[in-house]
Amino acid sequence: MADTGFVQKEKLNDFLNELSKDAVVYAPCLEGDTVIFKAFDSGTTLCLDRPANNPPKLVVFPQSETLFSFKYKKDAEDPRKMSVELEANTDFPRAIIFGARPCDAKGFRIYDSVYIDTNTPDPYYKGRREKTMIATLCCSAPSPGCFCVAVGGGPAHREGSDVLITQLEKGYFIEPVTEKGRAILNVPRIEDGEQYAEEAHKRQLESHDLVRNPFAEDGQPKISRALFDLDEFWEHVVSKCLSCGACTYLCPTCYCFNITDEQALNNGERIRSWDGCMFSHFTLEGSGHNPRPTKFKRFKNRVGHKFLYYPEKYNGVIACCGCGRCIRHCPVSVDISEIVSYLRGPRFEFTNEPPESMGTDTNSQEQKQ
Amino acid sequence: MSDVAARELRIVGFLCNWCSYGGADTAGVSRFKQPTDLRIIRVPCSGRVDPLFIVKALLNGADGVLVSGCHPRDCHYTDGNFYARRRLEMLKRLLPFLGIDERRFHYTWISASEGGKWQQTVTDFTKRVHELGPLHAKKEATP
Amino acid sequence: MTENKNPYLPDLATVIKVIDETPNIKSYQVILNDPEKMKMFSYEPGQVGQLSVFGVGESTFVINSPPTRMDYLQFSVMRVGEVTSVIHELHEGDQIGVRAPLGNWFPYEDMKGKKILFIGGGIGLAPLRTLILFMLDNRADYGDITILYGSRTPPDLCYKDDLKEWESRSDVSLILTVDTEYPGWDKRTGFVPTVLNEIAPSPEDTIAITCGPPIMIKFVLQNLAKLNFKDENIITTLEARMKCGIGICGRCNIGSKYICKDGPVFSLAQLKEYRAEI
Amino acid sequence: MISQRLREAIAGVFSEVDVALAYQQGFDKLHATPCFMTMPEEINKLIWNPLCVHNLTSYLPSLKKKKVAVVVKGCDSRTIVQFMQEGLINRENVVIIGIPCNGVISVNKVLHETNHEPIEDITFGENGEITVKTLKGEKTLLLSDVCPDKCKTCQYPTPIVYDRLVGDPITSDKSPDSVYADIKEFENKTLEERLQYWEQEFDRCIRCYACRNACPMCICQDSCIAETRDPHWISQRATLSEKFMFHMIHALHLAGRCVECGECERACPMGIPVNKLKRKINLDMKELFGYEPGIDPEDKPPLYTFKVDEVTIKEHKI
C-alpha cells in the first residue's frame with residue numbers, strides 16, 4: 001500500500017461521497033457568506049478557501065446531547081408510588097471531519113486531557129472521539145486574527161490530526177498521520193501520492209512565517225501573576241466586552257458545559273449542552289450568590305483558564321490553539337492575543353498607545369465631508 | 001363527536017376568564033355541538049396572552065391557535081383587551097413573514113352570553129385548520 | 001467510582017426518611033435501590049454527592065452521615081433554588097438519583113491525636129456533622145473536641161437530636177449561640193465569630209474546621225488568625241454551582257482547582273495559594 | 001479633519017464625565033473597536049472613519065450611574081431617543097457627541113469583495129471610494145456597495161439628538177419608500193419558501209447570544225427568559241424549534257422598540273439575518289400606528305399603549 005495519497009481537484013466531491021458511504025462526513029460548507037461545519041451531502045457546497053466560522057468541535061462535542069433518558073412508571077400496586085428507569089446510549093456512528101484546520105485538530109488534544117485521560121473518562125466524548133477520523137487541511141495563508149505559531153501550533157501542525165491534507169495546484173495531497181488515518185488510503189478515487197510529496201512538504205512550510213506572533217518579544221505567552229491578579233487591569237482591557245458567548249462557542253478548545261433536565265409528562269432526558277464562562281448565569285448559585293459576578297472576573301477566568309490554569313494542570317500546554325475565531329468574530333473585536341501580550345507585565349501602562357503597527361487614522365482615512 | 005370527519009388536529013385556545021371562557025361554558029351548557037380539536041387554556045384576560053404563547057404553541061406542535069377575549073370596551077380589567085388587540089394584530093401580520101399561514105391563528109371577542117357565536121367560531125376555525133392540514137406534517141414532532 | 005462506569009449516570013435510590021430540621025432545611029435518608037451497590041458503597045467523611053430529581057436536575061450536598069454508620073446516606077437540603085425546592089416536596093418512598101461519592105474529604109488521619117475545634121453556622125454544620133460523628137465513633141483517636149455552633153434563631157439550629165446528645169456527653173464540649181435574644185433561649189447570643197473571640201480557644205495542637213455562610217467564614221478566618229491559628233491548621237469547605245461533579249464542566253474552579261473534584265475540603269493555606277476570594 | 005475635531009470635542013467635555021466612549025483601531029486594518037477612555041492621554045487613540053460601525057450607545061444602560069460622553073452617528077442617536085422614551089438612561093448624565101455620517105462599511109461585505117483575503121490596508125477617499133490592499137493586490141470599492149443595508153436607505157444621517165455636533169449636518173437623499181423595500185420583496189416569496197428560508201438561517205444559530213448582548217434595547221440581559229429555568233420558555237436543546245423560538249423571543253420583545261441599528265445582525269458570528277424580523281415588525285408598526293421607534297423622545301412604543309377605536313385594525317373573519 002502507498003504511504004500517501006492524492007485526490008484530483010475535480011474528483012474531491014466524488015472522494016467525499018466515497019467517504020460518506022460508511023461514515024458521516026463533516027466538512028466546511030458554504031451557506032450564504034458563512035462557512036460552517038456540517039454533514040456533507042450532495043446538496044452542500046464545500047468551501048476550503050478559509051477557516052470555517054465555527055470549529056468542528058460539534059462533531060465530538062455536540063452543542064447539545066442526551067446523557068440519558070428517564071421514564072417514570074406508576075406502581076401497579078400503589079399508584080402514588082413511581083419508579084424510574086434510566087437509559088443511556090454511548091454508542092455512536094463513525095464520523096470523519098474533513099477539512100479541519102491544524103488549530104481545530106489541536107483543539108481536540110486539549111479536550112482529550114480533560115475528557116479522556118482522567119480517572120473518570122467521559123463516555124460520550126470518548127465514544128465519539130474514538131469513532132471520528134480527523135482529516136486536516138494545512139493552511140496556505142493566515143486569516144485575520146490567527147496566531148497559531150505563538151501557542152505551539154502552525155499552519156501544518158500535525159497534533160490531533162489523523163490525516164494531513166495539503167492543497168496543491170492539481171489537487172489534494174493526503175498523508176496519514178496516525179494508524180487510524182491510514183484507512184483513508186483505501187478509499188476509492190485516491191491515487192498514489194508519492195510524486196506530489198516533495199511539492200506538498202515544501203508547500204506546508206511556506207506559510208509558517210506569515211502567521212503573526214503577538215508575543216514576539218518572548219516568543220510565547222508569559223503572564224505576570226501580579227498583573228493578572230490586578231482588577232484594574234481587567235476593568236481596563238475588557239470594558240468593551242458584551243459578555244456574549246461568541247468567543248467561547250466558536251473556540252476549538254472551550255469545553256465547558258451545562259446539564260439540564262427536560263421532562264414532558266412521565267418521560268424526559270438529561271441533556272448536556274454547551275455553556276460559556278462569559279455568561280453571568282454560568283456560576284450563579286441557587287442562593288443568588290455569584291462568585292464571578294462581573295464580566296471582568298469572567299474574562300479573567302477565561303484568559304486564566306487558557307493561559308494559566310490549564311497549563312498548570314497539563315504540563316504547560318496552553319489551552320488556546322490560536323485559531324483567531326474569538327478575535328475575528330467578536331462583535332466588538334476584543335483581542336485575547338493583545339490582552340495576553342499586555343499580561344507579560346510586570347506593569348501595564350494604562351495609557352498605552354496601540355502598538356505602532358496597528359496605527360491610528362490618517363488624513364486619507366477621514367470620512368468624506 | 002368531531003364535526004370534521006378527519007383525524008383530530010391540535011388547536012390551542014386561550015380564553016379570557018371573564019367573557020370567552022363563559023361563552024364556551026354557555027355553549028357547553030346549552031349542549032351546542034362543537035368540534036373537539038380545541039384544547040382550552042383559561043387566562044385571566046386576553047391581555048395576558050403574550051404573542052410568544054402563540055408562537056410557542058405553533059412551533060411545538062399546535063396546528064392552530066385561537067385567542068378570544070371580552071369585546072373591546074367590555075374588558076373586566078378595563079383595557080387589557082385593547083393592549084391584546086395591538087399585540088395580536090402585530091403577530092397576525094408577522095406569522096406569514098415566518099412562513100406560517102396566518103389563517104392558523106385567529107383572535108376574536110366573545111362575551112359570556114354568546115354561546116352561539118362561540119360554537120360558530122370554534123366550528124369555523126376548526127374547519128379552516130383542517131383545510132390547511134397539519135402544520136408539522138413533514139417534520140417530526142418536537143419532543 | 002470505578003473506571004468504566006458512566007460518571008453521569010446516577011444510581012437509583014429511595015428516600016427512606018425525611019426529617020424536618022428547621023423551617024427551610026430538611027434531611028433525607030436514602031438507600032441505593034441496588035442492595036449490592038449499597039453494601040459496597042464506601043466514602044470518606046466530607047465527600048459529597050449529587051442528588052437528582054429526574055426532570056428537574058441535580059444539586060450537590062455533603063453526605064452528612066458518617067461512613068461508620070452505613071444503614072443509609074443522609075443529605076441535608078436547604079430550600080434555595082429550583083432543585084432544592086422540588087427536593088423539599090419529596091416523601092418517603094420517592095425515587096431519586098445519587099451520584100456519589102465525589103470530591104475529597106477531611107484529612108482525618110492527620111488530625112489524629114490533635115484537639116479539634118469545630119465552628120459551624122446554620123446548614124454549615126452538615127459537613128462538620130459527618131466528621132463529628134466519625135470522630136465520636138473513633139473517639140480514642142482524637143483529643144479534646146469543641147463544637148461552636150450558631151444559627152439565626154433557635155428554630156434554625158440543625159440536628160437538634162445530635163446537639164442534645166453532644167451536650168450530654170462529657171467528652172465533647174458544645175457551645176451554642178443564636179444571633180439575637182429569643183424567647184426561651186437561655187444560652188449564648190451573638191454571632192459565631194464574636195463568640196469565637198469570647199471563648200478564645202488555644203491554637204496549641206488544635207485543628208479548626210469551619211463551615212457556614214460565606215460572611216461567617218470570612219470573619220471566623222480573620223478571628224482564628226488573631227488567635228494565632230496557623231493557615232494549615234484551619235480547614236474549611238467550599239461551595240459553588242456544580243454540574244458535572246468530576247472537574248470538567250468548568251464552573252466551580254478557583255484557578256486550576258475544581259471544588260467538585262479537588263475540593264470541597266481545603267485548608268486556608270491551600271486557599272491562599274490558589275488565591276481564592278473568600 | 002473630523003478625527004481631530006472629535007478629539008477636541010471630547011477633550012472639551014472630558015472633565016465633566018467619568019468615561020468617554022469612542023472608537024480606536026482594532027486588531028487589524030479592517031476593524032475599529034470601541035474604546036472606553038478614562039484618562040485624557042487616551043484621547044489620541046481615537047479614530048473616526050467608516051470602520052466605526054459599532055453602536056456605542058449599547059453600553060449606556062450598564063453605565064447608568066456614571067457620567068458618560070458618547071460618540072453617536074445618526075442611526076445610533078435613535079437608540080438614545082428610545083432610551084429616553086423608556087427611561088433607561090439619565091439624559092443629564094450623557095454627553096452626546098454627534099457626528100453626521102455618510103455611511104459606514106460592512107466588514108462582511110468588504111471581505112466578500114476581496115474573497116475573504118486578509119486586508120493589509122484600507123483607505124477611504126474623498127468621494128466614498130475605498131481602496132483595499134490584500135496580498136493579491138489592490139481593489140477599489142464604493143462605500144455604497146459595501147455599506148450595511150441600513151446605510152443604503154438611511155433617513156437620519158445627522159443625529160436626532162446631540163449636545164455637540166462635530167461636522168456639518170447632512171440631509172438624507174434617500175427615498176423613505178426604499179427603507180422597507182427588501183422586506184416587501186421578501187413577502188413576494190411563497191409561504192413555503194419563507195419558512196424554508198428561516199429554518200435554514202436559524203439552524204445555523206449556536207445560541208451564543210451575541211445578537212442579544214449587542215442589542216442596545218435588549219435590556220433584560222442576564223435575566224433573559226431564553227436562559228431562565230423559571231419561567232422555562234426554552235430548553236438548552238440545540239434543536240431548530242428552540243433556536244427559532246429564541247429568535248422569536250428576541251424579535252417580539254423588540255416589537256415597536258427596535259431602532260434598526262443592525263447590531264444584532266452585525267454581531268452574529270454565523271451570518272444570520274436577525275434584524276429582518278424586527279424590521280418587518282417595524283414596518284407593520286408604521287403602517288398600523290404611524291410609529292417609528294427612536295424618533296421622538298416624548299412618544300410611546302405602540303404596544304405600550306392603545307386607542308379605544310383602532311381604525312387601522314379590522315376585525316378578522318374566519
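Convention: sequence-line order gives letters A, B, ...; per-chain numbering from 1.
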Check: [X] side chain, [Y] main-chain N or O, donor-acceptor pair, under 3.5 Å:
| X | Y | answer |
| --- | --- | --- |
| D:Q236 | A:I259 | no |
| D:R204 | A:I36 | no |
| A:T34 | D:M270 | yes |
| D:T33 | A:V332 | yes |
| D:Y209 | A:G245 | no |

Any side-chain heavy-atom pair of A:H236 and D:F36 under 4.5 Å: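 Not in contact.
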How long is the straight-line distance from [atom2] of [Y] back to [atom1] of [X], given to the nearest 0.5 Å?
| X | Y | atom1 | atom2 | result |
| --- | --- | --- | --- | --- |
| D:C208 | A:F279 | SG | CZ | 7.0 Å |
| D:D222 | A:L284 | CG | CG | 9.0 Å |
| D:S235 | A:Q263 | OG | CD | 13.5 Å |
| A:K240 | D:L56 | NZ | CG | 11.0 Å |
| D:S223 | A:H281 | OG | NE2 | 11.5 Å |
| D:K243 | A:Q63 | NZ | CD | 6.0 Å |

Side chain, backbone, both or neither: which part of [X] has a non-hydrogen atom closer than 4.5 Å to chain A?
| X | answer |
| --- | --- |
| D:H54 | side chain |
| D:Q200 | both |
| D:R229 | side chain |

If you compare all heavy atoms of [X] against all heavy atoms of [Y], which two are closest, and at what distance to 0.1 Å?
| X | Y | answer |
| --- | --- | --- |
| D:P269 | A:L250 | CB-CD1, 3.5 Å |
| A:R328 | D:H31 | O-NE2, 4.4 Å |
| D:P118 | A:S143 | CG-CA, 4.3 Å |
| D:N213 | A:L242 | ND2-O, 2.9 Å |
| D:A32 | A:S333 | O-OG, 3.8 Å |
| A:P331 | D:A210 | CG-CB, 4.1 Å |

Inspect the surroundings of [atom1] in [X] and state if more than 12 heavy atoms from other residues, nucleotides or ligands are less than 6.0 Å away.
| X | atom1 | value |
| --- | --- | --- |
| D:Q196 | CD | no |
| D:K109 | NZ | yes |
| D:H232 | NE2 | yes |

Run through D:D28, D:L30, D:V107, D:I119 and flag the one making a side chain to side chain contact (heavy atoms under 4.5 Å, CB included) with A:P144.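 When D:D28, D:L30, D:V107, D:I119 are each tested with A:P144, the side chain to side chain contact (heavy atoms under 4.5 Å, CB included) holds only for D:D28.
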If you count heavy-atom pairs under 4.5 Å between each of [options] and chain A, which one has the most?
| options | value |
| --- | --- |
| D:H116, D:E263, D:E117, D:R266 | D:H116 |
| D:P34, D:A267, D:P40 | D:P34 |
| D:S62, D:C268, D:S58, D:A238 | D:A238 |
| D:M37, D:R207, D:R212 | D:R207 |

Most chain D-contacting option - heavy-atom pairs closer than 4.5 Å, from [options]:
| options | result |
| --- | --- |
| A:M278, A:H329, A:R325, A:E31 | A:E31 |
| A:N54, A:T66, A:D261, A:L210 | A:D261 |
| A:D275, A:N53, A:I327 | A:I327 |

Dump the intermediate steps for side chain to side chain contact (heavy atoms under 4.5 Å, CB included) on D:F27 and A:E338, then the final yes or no. CA-CA 8 Å; D:F27 68 93; A:E338 181 193 35; over 6 Å; no
Please classify the contact between A:P62 and chain D as side chain, backbone, both or neither, with a heavy-atom cut-off of under 4.5 Å.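 The answer is neither part of A:P62.
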Go through the atoms of A:I271 and report whether side chain, backbone, both or neither lie under 4.5 Å from a heavy atom of chain D.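 Contact with chain D: side chain only.
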What's the verdict on salt bridge (Lys or Arg N to Asp or Glu O under 4.0 Å) for A:E65 and D:R237, showing C-alpha distance, side-chain angles and the deciding distance? CA-CA 8 Å; A:E65 65 183 316; D:R237 283 193 181 98; over 6 Å; no
